[in-house]
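Step one of this worksheet: look at the structure below.
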Amino acid sequence: MLKAEHRLRRSADFRVIVRRGVRVGRPTMVVHLLPAGESGDVAGAGASSVGLVVGRTVGGAVVRNTVRRRLRHLLAERVDRLPSGSKLVVRALPGIAGAPSSALARELDAAIDRAVTRAEQRR
């Protein structure tokens, strides 16, 4: 389970991360990464945080909640791989509901690795 200290909750934080962060698209998801220090109040030193955006285009309420649980489980295992103090937002795309967990894990790993690489190049 994703610990409370690693969860993003404020919509303003989501907005800043999506607008200013590095974007990496995959077939089932889009990942936005904001490294520590790029926005004073959102990405500060300390624990890395993650947030999820699962819209109605993914499916009904049951499907969306299932997708959220699957993504939270995968992110809980990967939050330690993020640079310290960075913030990550994962936006689910419509094809995510039918994807097997192994494919989601591979796509999430690839997206996080690419986002971290792009963020380092941007500095």
Side-chain angles (χ1 to χ4, degrees):
M1 186 162 146
L2 193 60
K3 294 181 181 178
E5 65 195 29
H6 296 296
R7 292 186 202 146
L8 287 173
R9 291 185 177 85
R10 296 180 12 194
S11 63
D13 293 345
F14 279 82
R15 195 174 316 112
V16 169
I17 295 164
V18 169
R19 288 183 182 167
R20 296 183 187 169
V22 174
R23 179 187 181 277
V24 176
R26 304 295 300 169
T28 59
M29 67 187 76
V30 177
V31 171
H32 301 270
L33 176 71
L34 186 66
E38 286 200 18
S39 177
D41 60 338
V42 176
S48 299
S49 298
V50 297
L52 299 172
V53 178
V54 183
R56 288 188 199 142
T57 59
V58 172
V62 173
V63 172
R64 290 194 313 268
N65 286 328
T66 302
V67 167
R68 278 188 203 103
R69 281 193 300 274
R70 291 172 66 196
L71 285 174
R72 270 198 309 264
H73 174 74
L74 292 171
L75 285 168
E77 298 170 351
R78 289 158 177 79
V79 73
D80 294 332
R81 291 179 37 202
L82 297 173
S84 181
S86 63
K87 309 301 178 196
L88 182 82
V89 171
V90 178
R91 184 169 46 94
L93 297 177
I96 199 167
S101 292
S102 59
L104 285 180
R106 281 192 307 272
E107 284 195 17
L108 188 59
D109 288 338
I112 289 173
D113 291 342
R114 183 70 179 139
V116 169
T117 302
R118 283 186 183 173
E120 290 172 354
Q121 291 173 350
R122 191 159 118 180
R123 287 186 166 206

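Values below: all heavy atoms of this structure, side chains included; hydrogens, waters and symmetry mates excluded. Since we're looking at a predicted model, the values are computed, not measured.
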Measure the spacing between [atom1] of [X] and [atom2] of [Y] and express it to the nearest 0.5 Å.
X    : Y   : atom1 : atom2 : value
D109 : R26 : CG    : CZ    : 10.0 Å
R19  : H32 : CZ    : NE2   : 11.5 Å
R72  : E77 : CZ    : CD    : 13.5 Å

ILVMFWY cluster, L34 and V30 together (side-chain gap under 4.5 Å) |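 No, L34 does not connect to V30 through the hydrophobic network.
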
Please give me the minimum heavy-atom distance between [X] and [Y], naming the atom from each residue.
X   : Y   : value
R70 : A97 : NH1-O, 3.5 Å
S48 : G85 : OG-N, 3.5 Å
S84 : A36 : O-CB, 3.3 Å

Residues that, via side-chain heavy atoms closer than 4.5 angstrom, fall in one hydrophobic cluster with V50 |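 L2, M29, V31, L33, L52, V54, V58, V63, V67, L71, L74, L75, V79, L82, L88, V90, I96, L104, L108, I112, V116, which link up through side-chain heavy atoms under 4.5 Å apart, make up the rest of the cluster.
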
Can you tell me if CZ on R9 sees more than 12 non-hydrogen neighbours from other groups inside 6.0 Å?
->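 Counting neighbours around CZ of R9, more than 12 heavy atoms of other residues, nucleotides or ligands fall under 6.0 Å, so yes.
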
CZ (R81) with more than 12 external heavy atoms under 6.0 Å =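 Yes - once you tally the heavy atoms of other residues, nucleotides and ligands closer than 6.0 Å, there are more than 12.
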
Taking E107 for its side chain and T28 for its backbone only, find out whether a donor-acceptor pair lies under 3.5 Å.
->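 Confirmed, E107 side chain pairs with T28 backbone.
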
R64 side chain vs G59 backbone, donor-acceptor pair below 3.5 Å |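 Checking the backbone N and O of G59 against the side chain of R64, a donor-acceptor pair under 3.5 Å is found.
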
Mind checking whether R20 and K87 have side chains closer than 4.5 Å, heavy atoms only?
->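 In short, these two side chains do not touch, never coming nearer than 4.5 Å.
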
